Amino acid sequence: MKENKRRTFIKNSSKTLAASVVFGHLPSLSSTDNLGQRSLKLGLVGCGGRGSGAAFQALTASKAVQLVAMGDVFKHELDKSLQLISKEFSNQVDVPGNRQFLGLEAYKNVIDACDAVILATPPGFRPEHFEYAIAAGTHVFMEKPLAVDVPGYRKVIKVGKNATEKKLNVVVGLQSRFEIGLNEMVNKIHAGEIGDILSMDVYYNVGKATVHPRRPDQTELEYQISNWHYFNWLWGGQLAGQAIHQIDVINWIKEDFPISASGMGGRAMLNGPDNGEIFDHHYVEYRYADGTKLHVQCRQMDNCDNRLGFNVQGSKAMADERLQIIDNNGEVLWRYRDEDDPSSSQIEQDVFLGAILGKRPYVNNTEYGAESTMTTILGRMAIESGQVIDLKKAKASNLRIVPKEFAWNMKMPNAPLEDGNYRIPRPGIPVL
């Protein structure tokens, strides 16, 4: 028994050391850490799967965290989330009826009730929610992407600077940046172990998202929010909603962001009034300032070959999502194989809450989160227009796809046409 305990201690100590080398943060947080006498009041805005998962991880990070307020536009989502979280963390959940908020303005009530907030609604709402939280003096964890159009991107950049001035911690849910093995691999790439980067590829090929059938009593806004993966103003399309993780990894490796994009896409399987306006396949060629190119392919189609990942080809070797470096003769030079690492989504909550509670350095991920978000917006603009889009010109765009105000019975700007179908973007029509 003593030998097993000794081995466990050595293993955990090694893990802590590895994390400290990667992130430069000590000590490593866990649910048993003594984080001070005061509790941290946490709020959750957006009670779906990702929001509930982030709340689980936040409560796991420290017993000092207390979930005190929740908000969603749908009661069934809030009820389900609260039940699941309370079952697992009964001593850390205090969300009575008067702190369960519903509706389009629920986020304000939640933010006003807490010290830190998880923003996990569909990303079309993110800039407004982020702005309100920072104005209220609240620390923010927010899921990716951070916006779906350029005006939203500009707002996030501005609010992120305000957060820095106020010393409010902000962590963005691009969790690959918190993965220990990937950090080691990126460090090796930056040290020149694959040589000069020649080309890069990203893949996000998966099946179709779930469709929630339209109900007779639903307004158009309610229907679209229920099916937010099918609407650009809510999701930003597949580049923003999914492939942003791998795209952000490439931007991290390059320590830069693309300066232009061209691409193509369309709808091969999606059709009819239940499938919104998004494309179901995409290809983008991004160009960086040094002339290197990133090729991105995305697909949401059932019964097709799936792949999530990336390749980075260097002059001496190749690196990929399997956390390995292989030379040009096919020999494995390095491979990361520690399967006992904490999840990257858990580490990001450890970093976020540790910074708030003074156990880790101040953190604000807004800038790279916003710039990688802008990379995906740039790509969507190129795909939908069929044009080569320059980053500087794109950042000056005032094309807004998110409505300025919301009401359940509002007339949606992207309402269905007379035949019940939605207007689909058509290449050949300029977007700038």
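Everything quoted here is computed from the prediction, not taken from an experiment.
With sequence neighbours excluded, no residue forms a side-chain contact (heavy atoms from CB on, under 4.5 Å) with N303. Here F141 pairs with nothing under the ring pair (Phe, Tyr, Trp, His ring centres under 6.0 Å) rule; sequence neighbours left out.
Looking at L67 and F89, their side chains never come closer than 4.5 Å, going by heavy atoms from C-beta outward.
The pair R360-D350 does not meet the salt-bridge criterion, since no charged nitrogen lies less than 4.0 angstrom from a carboxylate oxygen. A salt bridge is defined here as a Lys NZ or Arg NE, NH1 or NH2 lying under 4.0 Å from an Asp or Glu carboxylate O, and D196 with K316 fails to meet this definition. A salt bridge links E131 and K155; the closest N-O separation between the charged side-chain nitrogens and carboxylate oxygens is under 4.0 Å. For D248 and R177, the salt-bridge test passes: some basic side-chain N is under 4.0 Å from an acidic carboxylate O.
No donor-acceptor pair under 3.5 Å is formed between the side chain of S81 and the backbone N or O of L78.
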May I have the list of side-chain donor-acceptor pairs in residues 386-393 shorter than 3.5 Å, sequence neighbours left out?
{"residue": "D390", "atom": "OD2", "partner": "K392", "partner atom": "N", "Å": "3.0"}
{"residue": "D390", "atom": "OD2", "partner": "K393", "partner atom": "N", "Å": "3.1"}

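Side-chain rings of F125 and F406 approach one another, their centers coming within less than 6.0 Å.
Among Q300, Q238, Q297, the single residue meeting the side-chain hydrogen bond (donor to acceptor under 3.5 Å, both in side chains) criterion with N205 is Q297.
Geometric assessment of R307 against the ring of Y203 yields a positive cation-pi assignment under the 6.0 Å and 45° thresholds.
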